[in-house]
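Every chain is numbered from 1 and lettered A, B, ... according to where its sequence line falls, protein lines coming before strand lines. Source: prediction; values computed, not measured.
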Amino acid sequence: MSQKPSIPKGTRDFGPDKMAKRNLIFDTIRSVFQKYGFMPLETPTMENLSVLTGKYGDEGDQLLFKVLNSGDFMSKVKEEDGKDSQNLLRKISEKGMRYDLTVPFARYVVMNQHEIAFPFKRYQMQPVWRADRPQKGRYREFYQCDADVVGTDSLLCECEIILMINEVFEKLGIEDYHIKVNHRQVLSGIAKTIGAEGNERDFFVAIDKLDKVGPEGVQKELLQKGFSESSLEVLLPLLNMEGSIEDKIAQLKRTFTSNQVSAEGLEALETVLAMLSSFALAEHHVEFDQNLARGLSYYTGMIFEVKVKGVAIGSVSGGGRYDDLTGIFGLKNISGVGFSFGVDRIYDVMEELNLFPETVVTTSQVLIVHHDLPAQEYGMPILAQMRRSGISAELYPDVSKFKKQMTYANKKAIPHVIVIGDEEINTGLLTLKDMRTGHQEQLSLQDICQKLTLRGHTDTKDMKS
RNA sequence: GUGAUUGUAGUUCAGUUGGUUAGAACGCCUGAUUGUGGUUCAGGAGGUCGCGGGUUCGAGUCCCGUCUUUCACCCCA
């Protein structure tokens with residue numbers, strides 16, 4: 001009796017078509033990261049739970065996938081542990097699957113602090129797991145591509161992140177997007193002005209929803225959370241502020257003349273913008289969003305988030321600066337800044353905007369079809385020679401009807417077929433058929449190799465132009 | 001975690017107030033064409049109706065549970 005197989009909720013298979021497209025995204029991101037001097041890093045799928053818990057807030061802890069201990073995991077459990085999930089968990093699970101790439105990276109930096117040359121620039125492209133309810137653009141297993149720099153507080157790093165985002169998106173053909181930036185110190189300044197100190201998290205969460213629920217919704221939520229009417233009167237003009245990034249910064253500067261914290265944040269933003277101008281981008285896509293807050297609590301400096309316009313998918317990239325990420329693991333005063341591309345969402349965006357090129361799926365250039373076993377054997381050295389010439393080729397593995405072999409070539413979109421039968425073996429010439437035109441001719445193996453390698457070159461030239 | 005929603009052939013979907021043997025399109029296989037794919041024509045195969053219970057003379061259809069899909073909230077890439 002066979003059972004119908006299935007995969008867990010929120011996970012996916014990636015077939016050849018999807019992999020070709022995904023690899024295009026991965027390759028693009030990797031090449032840009034490397035161009036900016038980032039080094040690769042991979043960390044284990046599992047971390048000790050002590051490394052993961054407490055880093056993402058209570059809600060994050062709930063979303064961690066835990067790994068059951070091996071063997072007789074109940075042996076250490078006592079009667080009284082049975083009812084309390086927290087207690088029981090400690091006894092039966094000591095490992096969890098990574099929730100993001102930043103915390104494992106921080107762990108790595110601390111463990112290898114004596115070998116690492118700071119500033120340390122690393123990139124990491126691996127899946128992460130979160131046990132939340134899947135929906136559009138949200139999966140339980142998804143890939144992140146992180147690049148972080150630790151060991152410097154230079155704003156050049158922030159600037160380079162913006163450059164990398166621009167470069168990746170340009171290469172992928174995504175044009176209509178914005179990089180929303182803000183600064184945690186600016187937010188803190190606003191929070192201070194309206195008397196939200198000590199309650200900053202509620203405040204950030206509320207204003208972050210402006211896009212979604214509008215000013216009235218934000219107002220309502222803040223009132224519910226216990227903010228006063230008078231403080232909201234001060235806040236609302238700030239939330240609704242519009243204009244270019246320079247205008248907004250100038251406006252905020254006037255508002256916060258006496259506020260040291262906010263002033264520093266605004267200056268940092270100005271410095272990054274000034275640096276950016278040295279790199280002479282046609283358009284930098286940066287917008288100032290005074291309502292951008294971002295949930296992860298470890299951010300302390302500039303924060304950013306990328307959204308593609310006209311597509312109903314959450315942010316495709318985000319990040320920020322954190323002054324003390326490694327502090328919790330005992331390494332103080334290491335400032336870092338990093339960001340992450342969400343490959344799965346970029347994929348969804350590109351699919352929706354129809355941005356993948358037709359030719360992403362790579363297939364063999366040639367299929368050798370044959371009449372019978374002797375013909376197949378005759379084809380083997382030919383196959384070898386073609387591969388030596390750098391032509392990707394395959395020989396049909398079974399002895400079967402031409403029709404079936406041709407259908408295979410057609411379905412796999414293999415552009416050329418070499419036919420081998422008695423005639424070819426007698427004359428020493430091979431029949432080369434172009435599947436796209438239907439044209440076929442008798443040629444020597446040498447001529448075919450030459451023709452196909454030349455063809456390959458002109459094809460790639462055509463694609464670039 | 002809260003509230004909805006979805007599941008029928010390989011795929012996309014029909015299936016009436018519960019009533020014979022559950023249909024279509026596309027795809028797949030065979031042949032027309034024994035050395036040639038795409039087009040055309042003729043024929044064919046393929047379904048434990050997500051899974052498990054229940055109600056009923058009778059369930060794809062109604063009820064309960066469970067898994068899955070999608071969506072909103074929460075949070076987030």
Side-chain angles (χ1 to χ4, degrees), chain A residues 1-12 15 25 29 56-64 85 98-102 125-146 201-202 204-206 208-209 212-213 217 221 293-297 304-308 312-319 338-349 367-372 375 396 400-426 430-440 442:
Chain A
M1 215 33 192
S2 69
Q3 52 165 355
K4 270 186 187 166
S6 60
I7 57 175
K9 182 196 288 223
T11 65
R12 297 149 298 157
I25 299 172
I29 292 172
Y56 311 103
D58 289 345
E59 266 146 355
D61 286 355
Q62 296 292 318
L63 298 179
L64 285 173
S85 306
R98 77 171 96 77
Y99 178 90
D100 70 0
L101 301 177
T102 310
M125 309 200 298
Q126 288 186 274
V128 302
W129 292 269
R130 297 184 188 178
D132 64 357
R133 291 255 182 105
Q135 44 182 280
K136 191 181 180 74
R138 299 178 71 162
Y139 309 99
R140 287 187 154 181
E141 178 185 62
F142 61 97
Y143 279 74
Q144 290 193 328
C145 299
D146 275 37
R201 196 182 149 81
D202 281 347
F204 291 162
V205 168
D208 205 28
K209 289 179 192 161
K212 219 176 201 172
V213 297
E221 177 160 348
R294 292 188 61 77
L296 290 175
S297 44
F304 33 93
E305 195 166 283
V306 183
K307 283 199 172 160
V308 179
I313 290 173
S315 60
V316 293
S317 176
F339 75 116
S340 177
F341 285 110
V343 172
D344 305 84
R345 285 190 176 173
I346 292 174
Y347 179 99
D348 290 343
V349 164
L367 175 72
I368 302 175
V369 310
H370 47 83
H371 189 54
D372 48 24
Y396 198 82
S400 45
K401 290 181 179 174
F402 269 21
K403 188 186 175 82
K404 190 166 183 185
Q405 300 184 55
M406 296 299 288
T407 304
Y408 174 80
N410 196 49
K411 277 190 191 137
K412 260 186 98 172
I414 298 173
H416 303 281
V417 162
I418 287 174
V419 181
I420 299 176
D422 294 343
E423 280 176 35
E424 285 76 12
I425 293 173
N426 288 336
L430 300 169
T431 302
L432 177 70
K433 174 162 183 163
D434 186 319
M435 293 294 279
R436 293 160 299 190
T437 61
H439 174 76
Q440 64 185 57
Q442 259 61 42

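- Atom NZ in Lys209(A) sits roughly 12 Å away from atom C1' in C76(B) (whole-Å rounding).
- Nucleotide A77(B) holds its P atom 11 Å from the CG atom of Asp132(A), rounded to whole Å.
- Phe304(A) and Phe339(A) have tilted rings, their planes meeting at an angle from 30° to 60° on a 0 to 90° scale.
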Polar atoms only, N or O, under 3.5 Å: list the protein pairs with nucleotides 66-69 of chain B and their distances.
unit_1	atom_1	unit_2	atom_2	d
U69(B)	OP1	Gly10(A)	N	3.4

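- Counted within 6.0 Å of CG on Asp58(A), heavy atoms from surrounding residues, nucleotides or ligands total 12 or fewer; the atom is thus considered open.
- By the ring pair (Phe, Tyr, Trp, His ring centres under 6.0 Å) test, Tyr408(A) pairs with Tyr396(A), sequence neighbours left out.
- Contact of the Phe341(A) side chain with the Val306(A) side chain is not registered, since no non-hydrogen atoms from C-beta on lie closer than 4.5 Å.
- At a threshold of 4.5 Å between non-hydrogen side-chain atoms, the residues His416(A) and Asp434(A) count as touching.
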Here RNA chain B, pairs taken as Watson-Crick or G-U under 3.5 Å and shown with ( ), [ ] when crossing and | when to another strand, reads ((((..(..((((.....[...)))).(((((.......))))).....(((((..]....))))))..))))....

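- Residue contacts for Ser315(A): at a heavy-atom cut-off of 4.0 Å it reaches the sugar-phosphate backbone alone, with no base atom in range.
- For the pair Ser340(A) (side chain) and Ser317(A) (backbone), a donor-acceptor distance under 3.5 Å is absent.
- Taking atom C1' in both G47(B) and G23(B), one finds a spacing of 11 Å when rounded to whole Å.
- Taking the side chain of Glu59(A) as heavy atoms from C-beta on, and the options C73(B), C75(B), A77(B), the nearest nucleotide is C75(B).
- Contacts classified as salt bridge (charged side-chain N to carboxylate O under 4.0 Å, His left out) and involving residues 131-143 of chain A (residues at least two apart or in different chains) are given here: Asp132(A)-Arg138(A).
- You'll find the side chain of Ile418(A) stays beyond 4.5 Å of the side chain of Glu424(A), heavy atoms only.
- The CG atom of Asp348(A) sits 10 Å away from the P atom of U70(B) (whole-angstrom rounding).
- The minimum heavy-atom distance linking Thr407(A) with Lys403(A) is given by the pair OG1-O, 2.7 Å.
- Atom P of nucleotide A77(B) and atom CG of Asp208(A) are separated by 10 Å, given to the nearest angstrom.
- Following rounding to the nearest Å, Gln135(A) (CD) and C74(B) (P) show an atom-to-atom distance of 11 Å.
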Going 5' to 3' through nucleotides 31-39 of chain B and flagging B where a protein heavy-atom sits under 4.0 Å of the base, S where only the sugar-phosphate is that close, and - otherwise, we get S---BBBB-

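- Atom CG in Leu101(A) sits roughly 17 Å away from atom P in C76(B) (whole-Å rounding).
- If you check distances only, the side chain of Arg133(A) does reach the base of U2(B) with a donor-acceptor pair under 3.5 Å.
- A77(B) has Phe142(A) stacked on its base ring, the centres lying under 5.5 angstrom apart and the planes within 30 degrees of parallel.
- For the residue pair Arg345(A) and Val316(A), the shortest heavy atom distance occurs at CB-CG1, 4.0 Å.
- Tyr139(A) meets the ring pair (Phe, Tyr, Trp, His ring centres under 6.0 Å) test with no other residue; sequence neighbours excluded.
- Here the P atom of nucleotide C28(B) and the OH atom of Tyr408(A) are 15 Å apart, to the nearest Å.
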